[in-house]
Number of protein chains: 2
Amino acid sequence: MFEVFAKYLQNQIQLNDQELNMIQKVCVSKRLRKNQYLLQEGDVWRYNAFITSGCLRTYSVNDKLQEHILNFAIENYWIGDRESLLNGTPSRYNIDAIEDSEVLLISKEDFAVLMKSIPQFQDLVNLIIERSFAASQDRINSSISLNAEEKYATFLKRQPKIANRVPQHMVASYLGITPETLSRIRKLNLKK
Amino acid sequence: MFEVFAKYLQNQIQLNDQELNMIQKVCVSKRLRKNQYLLQEGDVWRYNAFITSGCLRTYSVNDKLQEHILNFAIENYWIGDRESLLNGTPSRYNIDAIEDSEVLLISKEDFAVLMKSIPQFQDLVNLIIERSFAASQDRINSSISLNAEEKYATFLKRQPKIANRVPQHMVASYLGITPETLSRIRKLNLKK
DNA sequence: TGAAGCACTTGATATATGTCAAGTGTTTTT
DNA sequence: AAAAACACTTGACATATATCAAGTGCTTCA
């Protein structure tokens, strides 16, 4: 499904056939069944991954074996552990598929070559990282300044697609609250 | 105090005199007294700012007039609102000085020129953004998976310098807990 | 230098959210 | 088609953290 990626790219930057071809050559497609891992804690993440279909999550597991979801990502989004990629250190996160999915993997090395060779591509990548950073600042702000109900409302507003696509207990995990609390919040919201 | 910045840069990238000079030319120094604003909510942030001395904080104010600190930054760190800078939108944050401070400001436009002209500088900036992003992911992880005591312990470990430099109620604000709770946690920790 | 304002602490109490446990309906597996 | 697993809900109760209020020392600055 390179077409999905090609469309995504051409939507945002100008690429000639040769450039597009260069990108295609280094993409490795990978299918994931629901529940299958893309990355496991302790492994080093060496790729940039673009999702062409499906839905994945990044999560951590603490001492008490509780899972905490850091990110959801669906088709037309990137996923991975940039910290592990940047430093070559073992990842502290897991990534797995919430639905049957397909991702395109580009190795760190190939990706670096693309960035050097295609300036628009480099600009796009920088822009995406900037946006991701802004989004995480925003999420930190929510997490320290809102109560559970407000966090859920904010999530619904910011990521309505995700909210309607992933199981409720995963939304709770993403928000840092229990599934029971989320269930009660939803019940109260219905009455309003 | 351009020397502080020059030292910082030369510590990380190779720059010839001409390049360093080019950077110096676009730096505007600004002194801030304790409590003075660098950015106020509603204003658009148009710079990149490097701190040469002092300590600043970025914070938001919610409906109930509660302040929530998103970031502390001291000498040799960057500060600003990248979201406002990127999109040209009014900032939702405030930045002010916790101590008398000095910052170097580089306008968005000048900064873009530097990035184009000095590839090592561009690489450095990208690296910094990547690191900032990784750090915020990490903070999100803490905020959804740790209790108050663990959050404080993590903060002490990650940012010991800051922990010993800013007032305790600001640490509480940064962690998303009340000053009273932090005071009690510290008391318990002393006994252990 | 002394009054005012901060920063921090401590106690009593309130409240939001978590935990545990059971029950219902739906989806998946065999 | 039955069994098992899963997702969600609901109630009773527990607990971490917030709130409110007062008290103690430090700074600051007039």
Side-chain angles (χ1 to χ4, degrees), chain A residues 32-36 54-55 57 59 61-69 72 96-101 142-156 162-192, chain B residues 32-36 55 57 59 61-69 72 96-100 142-156 162-192:
Chain A
L32 293 165
R33 304 294 304 273
K34 184 177 172 178
N35 296 323
Q36 193 179 340
C55 180
R57 62 174 179 154
Y59 64 98
V61 180
N62 69 7
D63 321 332
K64 302 157 207 154
L65 297 181
Q66 291 164 329
E67 292 178 3
H68 293 277
I69 297 179
F72 295 109
D96 68 15
I98 297 178
E99 308 169 359
D100 291 351
S101 305
S142 295
S143 84
I144 60 179
S145 62
L146 304 180
N147 64 23
E149 186 185 344
E150 293 164 335
K151 280 178 198 169
Y152 180 58
T154 303
F155 175 66
L156 278 185
I162 303 277
N164 292 310
R165 190 158 165 180
V166 307
Q168 201 170 303
H169 69 275
M170 290 193 184
V171 173
S173 167
Y174 177 87
L175 297 175
I177 63 181
T178 59
E180 292 94 332
T181 294
L182 180 55
S183 174
R184 290 182 177 115
I185 286 169
R186 285 166 54 90
K187 192 183 175 186
L188 285 174
N189 282 347
L190 285 179
K191 290 193 181 165
K192 287 179 190 168
Chain B
L32 293 166
R33 303 295 302 275
K34 184 177 173 179
N35 296 324
Q36 192 179 342
C55 180
R57 62 174 179 155
Y59 63 99
V61 181
N62 68 9
D63 321 332
K64 301 157 206 153
L65 297 181
Q66 291 166 327
E67 293 179 3
H68 292 277
I69 296 180
F72 295 110
D96 68 16
I98 297 177
E99 307 169 0
D100 290 351
S142 295
S143 83
I144 60 178
S145 62
L146 304 180
N147 64 24
E149 186 185 343
E150 292 164 335
K151 279 177 198 168
Y152 180 58
T154 302
F155 175 67
L156 278 184
I162 302 277
N164 293 310
R165 191 158 164 180
V166 306
Q168 200 172 305
H169 69 274
M170 290 194 185
V171 173
S173 167
Y174 177 86
L175 297 175
I177 64 181
T178 59
E180 292 95 332
T181 294
L182 180 55
S183 174
R184 290 181 178 116
I185 286 169
R186 284 166 54 89
K187 190 182 177 187
L188 285 175
N189 282 347
L190 285 179
K191 291 192 181 165
K192 287 178 188 168

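Per chain, numbering begins at 1; letters A, B, ... match sequence-line order.
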Measure from [atom1] on [X] to [atom2] on [N] and round the result to the nearest Å.
| X | N | atom1 | atom2 | value |
| --- | --- | --- | --- | --- |
| A/Asn35 | C/dT27 | CG | P | 17 Å |
| B/Ile185 | D/dA18 | CD1 | P | 8 Å |
| B/His169 | D/dC26 | NE2 | P | 19 Å |
| A/Leu188 | C/dA16 | CG | P | 11 Å |
| B/Glu67 | C/dA7 | CD | P | 11 Å |
| B/Arg184 | C/dT13 | CZ | P | 13 Å |
| A/Leu182 | D/dA7 | CG | C1' | 12 Å |
| A/Ile177 | C/dT15 | CD1 | C1' | 16 Å |

Test side chain to side chain donor-acceptor pair (under 3.5 Å) applied to A/Arg186 and A/Tyr152, step by step: CA-CA 9 Å; A/Arg186 285 166 54 90; A/Tyr152 180 58; 2.9 Å; yes

Charged N-O contact under 4.0 Å between A/Lys34 and A/Asp100: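 Not counted as a salt bridge, because no side-chain N and carboxylate O are separated by less than 4.0 Å.
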
Could you tell me whether the phosphate oxygens of [N], OP1 or OP2, come under 4.0 Å of any side-chain nitrogen or oxygen in [X]?
| X | N | result |
| --- | --- | --- |
| B/Lys187 | C/dT10 | yes |
| A/Gln168 | D/dT9 | yes |
| A/Thr181 | C/dG18 | yes |
| B/Thr178 | D/dA18 | yes |

5' precedence on DNA chain C between A/Glu180 and A/Ala148 (nearest-nucleotide basis): A/Ala148

Given C/dT10, C/dT19, D/dT9, the nucleotide with the shortest approach to the side chain of B/Ser183: C/dT10

B/Tyr174 vs A/Ile144, side chain to side chain contact (heavy atoms under 4.5 Å, CB included): CA-CA, chis, key distance, verdict: CA-CA 8 Å; B/Tyr174 177 86; A/Ile144 60 179; over 6 Å; no

Intermediate values then yes/no, side chain to side chain contact (heavy atoms under 4.5 Å, CB included), B/Arg57 and B/Val166: CA-CA 10 Å; B/Arg57 62 174 179 155; B/Val166 306; over 6 Å; no

Steps toward side chain to side chain contact (heavy atoms under 4.5 Å, CB included) verdict (A/Arg165, A/Phe72): CA-CA 10 Å; A/Arg165 190 158 165 180; A/Phe72 295 109; over 6 Å; no

